[in-house]
Novice: 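This structure is in structure tokens; I'll ask about it shortly.
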Amino acid sequence: MNSTLPFQAEIAGIGSYLPEKVLTNSELQEKIDTNDEWIRKRTGIEERRIASKEESSSVLASQAGRRALSAANLEAGDVDLIIVATSSPDVLFPATACFVQKELAASRAVAFDITAVCSGFVFALSVAEQYLKTGKFETALVIGSEVNSRIVNWKDRSTCILFGDGAGAMVLKRSQGSERKGVLSTHIHSDGNRSELIRVPGGIGRTGVSSQAVENGEYFIHMSGNATFKIAVQKLEEVSREALAHNGFSTDDVDVVVPHQANRRIIDAAAERLDIDKGKVFSNIHKYGNTSAASIPIALAEAYEKGVIKKGNLVLLMVVGSGLTWGAGLIRW
Ligand code: UT7
């Protein structure tokens, strides 16, 4: 280690895992009062993936983690830190990240979860970034993983059409150098006063194990869609500008934007407000819907595999989610 050069958090590998089962809009319209045209027009979603009974968040996360480690040419034993961002954990405790550690046999790692719902991956990335840049850890595995299909009310057409299951993972490696590379900065925010917008109202701590809460649908996602839509566009613009200004960049400097895949119209509106060419904005929402904390790493992995993101590109991540939470990150790939 050279004590005069700053530490960086470089991207060493990325991977994703999507369950096999596809649920199309047409299949949904057989079950609830909705239609393919409405879903496509209002959200951009055409289909989503649904986890099998055996696939919990840790199972999806482990698969994605394995792929990211293999892309990075690293072994699980090299990992110092595993962070899993999830709002659909396997169980209340232990942390889903501990199950991932066991599954991967990452025996040296410290493992914990982060709950920032859709913003989870950017929050987790931000934590890993600090550990690498202070020199404390060398290798971090950051994963977003969700089985949203278990917490959506399949009778509520305003939410069940939106969400899907999946996992995405990124391996970060500490390096040293004067040329800035990898995660340049992350910017994360919360506003608990807006916690009513998207929430699961019931929970072990609040309702106990309650059949009444089950009957009332309190363990499912509740969302004020329209109000969330408006605040989402505003926060995405605000935090993206914050990230760009912090690094002395303008929107023209950005090569690829990888936004949270919540709604195609939200993504388009945010890009328009930022005056970013829509051709620079990557989206795969049509295939996977909103996979919450997994959406950004799944999209990043696909954009990288397809050659949309190239070495040296400046990549902007932007996200908003339940909490309210929101964040952005800039990566020199
Ligand atoms: O990832 C975390 C952040 N989450 C988000 O950012 C989600 C943000 N919100 C959204 O994406 C949108 O608000 C939705 C897609 C959820 C809803 O779109 P909208 O354009 O805001 O629609 P709306 O809620 O204002 O509803 C418009 C109409 C209503 O009917 P009326 O009252 O105008 O007769 C709804 O009942 O659309 C109706 N509607 C549906 N119709 C067919 C709502 N859901 C459906 C549906 N199929 N699935």
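Given the structure is predicted, the values throughout are model-derived calculations rather than measurements. When a ligand or atom number is given, it counts from 1 through the structure's own listing order.
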Novice: Verify the contact flag for atom 43 (C) of ligand 1, where contact means a protein heavy atom under 4.0 Å away.
Specialist: yes
Novice: Which one holds for Ile266 and ligand 1: side chain close, backbone close, both close, or neither close, with close meaning a heavy atom under 4.0 Å?
Specialist: side chain
Novice: Polar-atom distance check: Ala232 versus ligand 1, any N or O pair below 3.5 Å?
Specialist: no
Novice: What atoms in ligand 1 come closer than 4.0 Å to a heavy atom of Thr43?
Specialist: 15 (C)
Novice: Are Ile39 and ligand 1 in contact, using a heavy-atom cut-off of under 4.0 Å?
Specialist: no
Novice: Arg265 to ligand 1: N or O pair under 3.5 Å?
Specialist: yes
Novice: With no hydrogens and no angle check, is any side-chain donor or acceptor of Thr86 less than 3.5 Å from a backbone partner on Ser145?
Specialist: yes
Novice: Keeping Asn35 on the side-chain end and Trp38 on the backbone end, is there a donor-acceptor pair under 3.5 Å?
Specialist: yes
Novice: Check this for me - ligand 1, Asn35, N or O atoms closer than 3.5 angstrom, yes or no?
Specialist: no
Novice: Examine the proximity of ligand 1 to Asn226 and report which part, side chain or backbone, both or neither, has a heavy atom under 4.0 Å away.
Specialist: both
Novice: Closer than 4.0 Å to some heavy atom of Arg42 - which atoms of ligand 1 meet that?
Specialist: 19 (P), 20 (O), 22 (O), 27 (C)
Novice: Quick check: Asn263 and ligand 1, any N/O pair under 3.5 Å apart?
Specialist: yes
Novice: For the residue pair Ser292 and His260, what are the closest heavy atoms and their distance?
Specialist: O-CE1, 3.7 Å
Novice: Look only at the side chain of Glu146 and the backbone of Asp165, and say whether a donor-acceptor pair between them is shorter than 3.5 Å.
Specialist: no
Novice: For a side-chain hydrogen bond (donor to acceptor under 3.5 Å, both in side chains) check, start with the C-alpha distance between Thr34 and Gln29, then their side-chain angles and the critical distance, and finish with the verdict.
Specialist: CA-CA 5 Å; Thr34 189; Gln29 77 185 25; over 6 Å; no
Novice: Relative to atom 7 (C) of ligand 1, which among Met223, Lys235, Gln261 owns the nearest non-hydrogen atom?
Specialist: Met223
Novice: Return yes or no for this condition: an N or O of Thr34 is under 3.5 Å from an N or O of ligand 1.
Specialist: yes
Novice: Would you call Arg332 and Glu179 a salt bridge, taking side-chain N to carboxylate O under 4.0 Å as the test?
Specialist: no
Novice: Please work out whether any backbone atom (N, CA, C, O) or any side-chain heavy atom from C-beta onward of Val117 is under 4.0 Å from ligand 1, and answer side chain, backbone, both or neither.
Specialist: neither
Novice: Heavy atoms of the protein only: does one fall short of 4.0 Å from atom 20 (O) of ligand 1?
Specialist: yes
Novice: Under the 4.0 Å line, does any protein heavy atom show up next to atom 31 (P) of ligand 1?
Specialist: no
Novice: Can you confirm if the aromatic rings of Tyr304 and Trp333 lie within a centre distance of less than 6.0 Å?
Specialist: yes
Novice: Quick one: does any side-chain atom of Asp113 pair with a main-chain N or O of Ala97 as donor and acceptor, under 3.5 Å?
Specialist: yes
Novice: Taking the six-membered ring of Tyr288, is NZ or CZ of Arg49 closer than 6.0 Å to its centre and within 45° of its axis?
Specialist: no
Novice: Distance under 4.0 Å to a non-hydrogen atom of Cys118: what atoms of ligand 1 satisfy this?
Specialist: 1 (O), 2 (C)
Novice: Hey, which of Leu104, Val84, Val91 is the one that makes side chain to side chain contact (heavy atoms under 4.5 Å, CB included) with Phe99?
Specialist: Val91
